[in-house]
Amino acid sequence: MSDAAIITTNNVNLWYHEKHALQSVSIRVPRNRVTALIGPSGCGKSTLLRCFNRLNDLIDHVKITGEIKLDDENIHAPSTDVVTLRKKVGMVFQKPNPFPKSIYENVAYGPRVHGIRDKTELDRIVEDSLRHAAIWDEVKERLNDSALGLSGGQQQRLCIARTLAVEPEVILMDEPCSALDPIATAKIENLIERLKEDYTVIIVTHNMQQAARVSDYTGFMYLGKLIECGKTGQIFEHPKEELTENYITGRFG
Amino acid sequence: MIFTKKTGSAVTASTGTARLSFLKEQSIKTVFFFTAFFAVIVVTFILLFLLRDGYPIFSQVGILNFLLGPDWAPTAVIPLYGILPLIVGTLLVTLGAMVFAVPLSIGCAIYLSELASPRTKKVLKPAVELLAGIPSVVYGFFGLIVLTNFIRVSFDIPTGETWLAASVLLGIMALPTIISVSEDAISSVPHEYKEGSLAIGATRWQTISRVLVPAALSGIAAAVILGIGRVVGETMAVLMVAGNAAIIPEPIWNILSPLRTLTATLGIEMGEVSVGSEHYSALFGIAVVLLVITLIINLSAVAILRHLKEGRAQGPARKPLISSAAKESLARFGEIIGIAVLLIFLLAAAPWWLAALVLPVAGGWYFGRDRLSQNQIQMIAFGLVGLATVIVLAILVIILQDIVVHGLPALSWEFLTQPPKDLGRAGGIFPAIVGTLYLVLGAIAIALPLGVGAAIYLVEYTREGRITRLIRTGVDLLNGTPSIVFGLFGFAFIVLYLNVGVSLLAGQITLALMVLPTVIRTTEESLKNIPQSLREGSLALGATQWQTISRVVIPPAVPGIVTGAILSIGRAAGETAPIMFTAVVFSSRFLPDSVFEPVMALPYHLFILATNVPGSSTNKYGTALVLLLLVIGFYSVAIIVRTHFQNKARG
């Protein structure tokens, strides 16, 4: 991999209760690129993703060993503030999860909790984020309506806008299209393509075509291990590992 | 051919039995319908009888004069029947109780739902339930002995029986209701909201205060309204500590003034009034007013909770009730009101050291909060939330230890097995213990079949429709009716109209009506928990509906039903207001020979000892302890039954 890395993990192991869910995972995630994590259900790709913003902290009985670095800083170091980390590493979830607030308040929530009170500043951030997430034109007339009234695809783009409003460096996406129809999916995929100019995107998907379409790099995971990682073209056309080839050619899944 | 014939004859042979079983099914259904409709009948009867006996005063004095008249002097030479001071008293006590209880409850609910470890939670939740289990007369007793004394000494006033005492005591009594319903509301906010907020880099406190609590707000509102309902309907405790002067405090915010509530008036005067007099009618007029107030309060809480449940099930797409701008100005408005209330309180009543403490803290917070980091704010907030929880626990511990420490010396074999002597100053409480057991066992014997039948009808026999809605409303109304109103109804209808007389039976029926909603609800819950697949499996084998219900649905629901029954017994055992005009006498050396004789009962015995018999300190505490142990005993058995069967069900 030639591009400079923003996240690197070294020998990460994760246990959930007795289950060894991640087994010595070492991966480099290049800056300003889209990296896809693929693999069959339960292979640990979402778990790995949730390591990057330490959202696994919320779950009881989780033990993590190994090293995860963001910009050369260990995110598990005692000096790391998890709140600052999550500000730098945003996340979009599998199911759109807008708060039960207005569209405006959803996007303004992040900047507000980080201390921005100035109304014009907030207005600007909200508009920029919504534009960036390609949803501004659809909602600009009804910013004060409840976000829960939007369609699933709109809700997901709103959640992306909500993430952008915090100006993260990395955006984690956990199967962001699995609850959406094909048209909404296409919109999100276009959006991901544009996001990499300013952000690093890591996307978990079980849809291989999607990984092939949107990502620059792909990592294949199986039973808690990272089997192979490389440029997307290489992974899909000339996989080095037999397991990867079997998965991509649909021999199991 | 032969095959078809055979089947045909088998069907014909069974038509006769089929018709018979159809008739049987229909009659069973009809019986259940009547048990369910009973709640509606009772509510109607309560309203009719209160109105019948209250009507004369409305027609003589006029409704407006009755409601807004400034003087309540029913025994004066020229009697005056204006209940304005009583209404104001009720409102003020409720307001004060909420100022005390709401912050504590919400803090405690936040702690329970978001901060407590599972193990801590396992200890704290039963503790809060225990607070709900303490009978109101025991609260009143504690308030009379300990709380009023504390207030008298710390404010240096002649008597501690004040608005403040009533509000604090009723606030304590409202804590468990508000805590458990709000905790439920906060816990059931979808997990995704929390993850979404944390993933943006909000602190835990920001997530709680800006996402979780706002999302749970209507549930919390319902919790507060239910708490208000509890406070407004409470009789015995408030009667024992409020001072009961029928005046409007002067000035209106003087929390050290005595006052009198609607319920207390009924509790005090109902026992001494001559039946059929103007005064008697005025008391029933008060009961009507009280009933209307509590019905409105409870129905609105129920409506909010139901709306919430339905909204969640459908995936809500409704507009927010208030726009964000309006919300902001509301918050600012609230802030100003809060400061004003605080100032008035400090100027009017608080000792100087409190003012010296509160003002700098409030000022420092107001001007310094922008300089604090989010982590510091979180630490302060968690500190306050923890403090609220500690206070709630401390209250429980103080009450229990006071009663246990002072009550234990009184407990002896003689105390438990002898009748009272010298107006209860000496001797024991044997007849009261037995009387209470008779009362609650009789009550549950009446309420259980009716309640279980009603629940079976509601869950198994009908779809949601107009009739079920009517029945459910009836149950809700019954549930919200203050216990003193049951007492008045029992007196007017059972004792006088049915001519049963003041007797064990009248008390049992009155208590049965009071606990009926609890039985219906708990049974309904446990029936609903039986998976639909079981019913379908049974029906698919050709079992009739009644066979399915009696053999497949009810057996696994029994533990839930038993738990509900025991909880009802516990509740009934601690009640004073419903039995004090229908069933009890203060002193009786003997046990009743039949259900048509009056009995002694523990709560009433404690009430009279505490308020009317000076110098019986040990026996007061002893009675309080026995009552407490009895009620807590019932609750513990219920909890043990519940957990035992839960574990069993899990395998």
Side-chain angles (χ1 to χ4, degrees), chain A residues 50 52-55 57-60 81-115 117 119 142-152 155 158-159 162-168 171-172 174, chain B residues 114-121 185 188-219 308 311-312 314-328 369-379:
Chain A
R50 291 165 70 99
F52 296 147
N53 65 348
R54 286 182 54 184
L55 213 54
D57 291 12
L58 295 186
I59 303 165
D60 296 330
D81 178 27
V82 65
V83 166
T84 322
L85 169 71
R86 289 177 186 154
K87 212 171 133 185
K88 285 193 206 160
V89 185
M91 185 166 194
V92 177
F93 295 82
Q94 185 167 4
K95 227 179 94 204
N97 60 346
F99 303 131
K101 297 169 182 275
S102 70
I103 294 168
Y104 181 95
E105 288 296 324
N106 261 282
V107 183
Y109 177 79
R112 272 193 216 270
V113 300
H114 295 124
R117 296 226 182 128
K119 180 79 173 134
R142 45 174 175 148
L143 290 176
N144 286 320
D145 286 9
S146 168
L148 301 178
L150 296 174
S151 74
Q155 288 192 358
L158 176 68
C159 289
R162 189 175 72 183
T163 308
L164 298 182
V166 185
E167 297 175 355
I171 300 174
L172 310 174
D174 188 1
Chain B
E114 292 302 316
L115 303 182
S117 69
R119 198 182 292 169
T120 327
K121 209 169 164 176
S188 53
V189 171
H191 197 66
E192 294 93 53
Y193 292 170
K194 189 168 158 185
E195 290 198 336
S197 172
L198 290 174
I200 284 174
T203 62
R204 285 170 77 194
W205 174 246
Q206 285 173 325
T207 303
I208 291 169
S209 64
R210 297 182 182 213
V211 175
L212 299 184
V213 169
L217 206 58
S218 25
L308 213 61
R312 205 163 271 153
Q314 291 161 3
R318 53 206 149 98
K319 277 193 168 186
L321 281 175
I322 9 176
S323 74
S324 56
K327 227 180 240 169
E328 240 163 63
R369 67 177 160 187
D370 288 341
R371 263 175 243 156
L372 293 174
S373 78
Q374 282 307 329
N375 274 335
Q376 287 165 319
I377 290 180
Q378 166 158 305
M379 256 162 59

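Below, read A as the first sequence line, B as the second, and so on, with proteins coming before strands; counting in each chain starts at 1.
Across all non-hydrogen atoms, the minimal contact from A:Gly90 to A:Thr163 is CA-CG2, 3.6 Å. The nearest pair of heavy atoms linking A:Gly152 to A:Pro96 is O-CG, 3.7 Å. Across all their heavy atoms, A:Asn106 and A:Ala147 have their closest contact at ND2-CB, 3.2 Å. Scanning both residues, B:Ala216 and B:Val189, for their nearest heavy atoms gives CB-CG2, 3.9 Å.
Looking at B:Ser197, the atoms closer than 4.5 Å to chain A (heavy atoms on both sides) sit in the backbone and in the side chain alike. For A:Val166, the part lying near chain B is the side chain, with the backbone staying farther off; criterion is any non-hydrogen pair under 4.5 Å. Using a 4.5 Å cut-off between heavy atoms, A:Lys88 makes no contact with chain B at all. When heavy atoms are compared at a cutoff of 4.5 Å, A:Val89 approaches chain B solely by way of its backbone atoms N, CA, C and O. Residue A:Phe99 touches chain B through both its backbone and its side chain, counting heavy-atom pairs closer than 4.5 Å. Using a 4.5 Å cut-off between heavy atoms, A:Pro98 touches chain B through its backbone atoms (N, CA, C, O) alone. Heavy-atom distances place both the backbone and the side chain of A:Arg162 under 4.5 Å from chain B.
The salt bridge (Lys or Arg N to Asp or Glu O under 4.0 Å) check on A:Asp81 picks up nothing, with sequence neighbours excluded. Residues satisfying the side chain to side chain donor-acceptor pair (under 3.5 Å) criterion with B:Lys121, sequence neighbours excluded, are B:Glu183.
Between chain A and the options B:Lys194, B:Gln374, B:Arg210, the largest number of non-hydrogen pairs under 4.5 Å is found for B:Arg210. Taking B:Glu195, B:His191, B:Glu192 one by one and counting their heavy-atom pairs under 4.5 Å with chain A, the maximum is reached by B:Glu195.
Under the 4.5 Å side-chain criterion, counting only non-hydrogen atoms from C-beta, A:Arg50 is in contact with A:Ile59.
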